[in-house]
Amino acid sequence: MTAAEPRAALYLQALGGADNIEDIEPCTTRLRSLVHDPSRVDSAALRELGAFGVMINGRVVQVVVGPDVDVVASEIDDLL
Amino acid sequence: MPSDEDAQQASHKYLKVRDYLVQLTTDELGVGDPIPSERALTQRFGVSRMTIRHAIDSLVSEGLLEKIQGRGTFVSAPRMDFEVRLSTFGEQMHRLGLTASTTVLESGAVAAPAEVASVLGISPGSQVHHLRRQRHADGKPMAVEEAWIPVKLAPALFDDGPPASLYEALRLHGHDPRWGEETLAADSPTDEERHLLDMGGRGAVLRATRRTHADSGAVMFSRACFRGDRYQVWVPLAPPQTPVTPSGATATTTTSKEDS
């Protein structure tokens, strides 16, 4: 495995770590993830990473990333 | 039992009238043509005036027909495809071959309302350029739009009066709109919106709420309210991407993890 992209690792950490993720996918401008425990998601940290918004609805977390989301998602994919 | 049968027969008659009107408007009549009178339709189908009205009203609310007070019911212009992309009203009308015009309702710098401030990531009460406009296509009101832009992003944005195109003005001030997000919702118009959109007594509107981003971040928050009977939302569909699951959704991932 190649060295982890720092950005993806930080996003993953803010989402509660790899073991908190049930699934994750890019959705045009958003990173959409189903997590096991939404209380482990750190919205403030995600915003500091450059997210433009974080919506948590039940176990679904949507992070507004912008057009870069495909890149971020594939970097996260590499880490999972 | 008899009431069930009656109801069934009534709905059958209603559908017959409706189908006839749909076929007539799509195949035989042109935009702006009147449909046959209620009296003529009553005689032709041997049904009550109420059934005829019911059928006409359903097509009016679908936007196929339009009622003009004191004149009758006419075939309306086809709905416009609502563009799901980062374009402006003027650009959309141009692509549809229509002439866009604008009536400015409000313009100036105001203290940002709480929702606007939160969406734009600025402190509540800080100054924002505010513009509220009535938008027309070929002279007919189509939408009421309202937009907010932080003053500190472009203090001189409104110096020559409200810009004709906010996106163009943002470009000129170095904040090219790059991407955005929009939510669409059906709603009832307020009395003022109903009046501004020339909607008569009934009908729904389509509300579009948008945040526009430049490379520098969120630059504009806007709300638009479109006539529900003149628009339809066209959305291209592609199969969903397969979500990634850490436990290994795909065989290759699982294998490589087990191998290592």
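Sequence lines set the chain letters: A, B, ... in the order given, protein chains first and strands last, and positions in each chain run from 1.
- Applying the 6.0 Å contact sphere to CG of A/Asp37 captures more than 12 heavy atoms from other residues, nucleotides or ligands.
- A distance of 7.5 Å separates CZ of B/Arg211 from CZ of A/Phe52, quoted to the nearest 0.5 Å.
- For A/Gln13, the CD atom is loosely surrounded, since the number of other residues' heavy atoms within 6.0 Å does not exceed 12.
- Panel note: side chain B/Arg178, backbone A/Pro67; no donor-acceptor pair is recorded below 3.5 Å.
- Shown here for B/Trp179 and A/Thr29, the closest heavy-atom pair between the two residues is CE3-CG2, 3.8 Å.
- Within 6.0 Å of CG on B/Asp159 lie more than 12 heavy atoms contributed by other residues, nucleotides or ligands.
- Counting non-hydrogen atoms of neighbouring residues, nucleotides and ligands closer than 6.0 angstrom, the NE2 atom of A/His36 exceeds 12 such neighbours.
- For the residue pair B/Thr245 and A/Glu22, the shortest heavy atom distance occurs at CG2-O, 3.0 Å.
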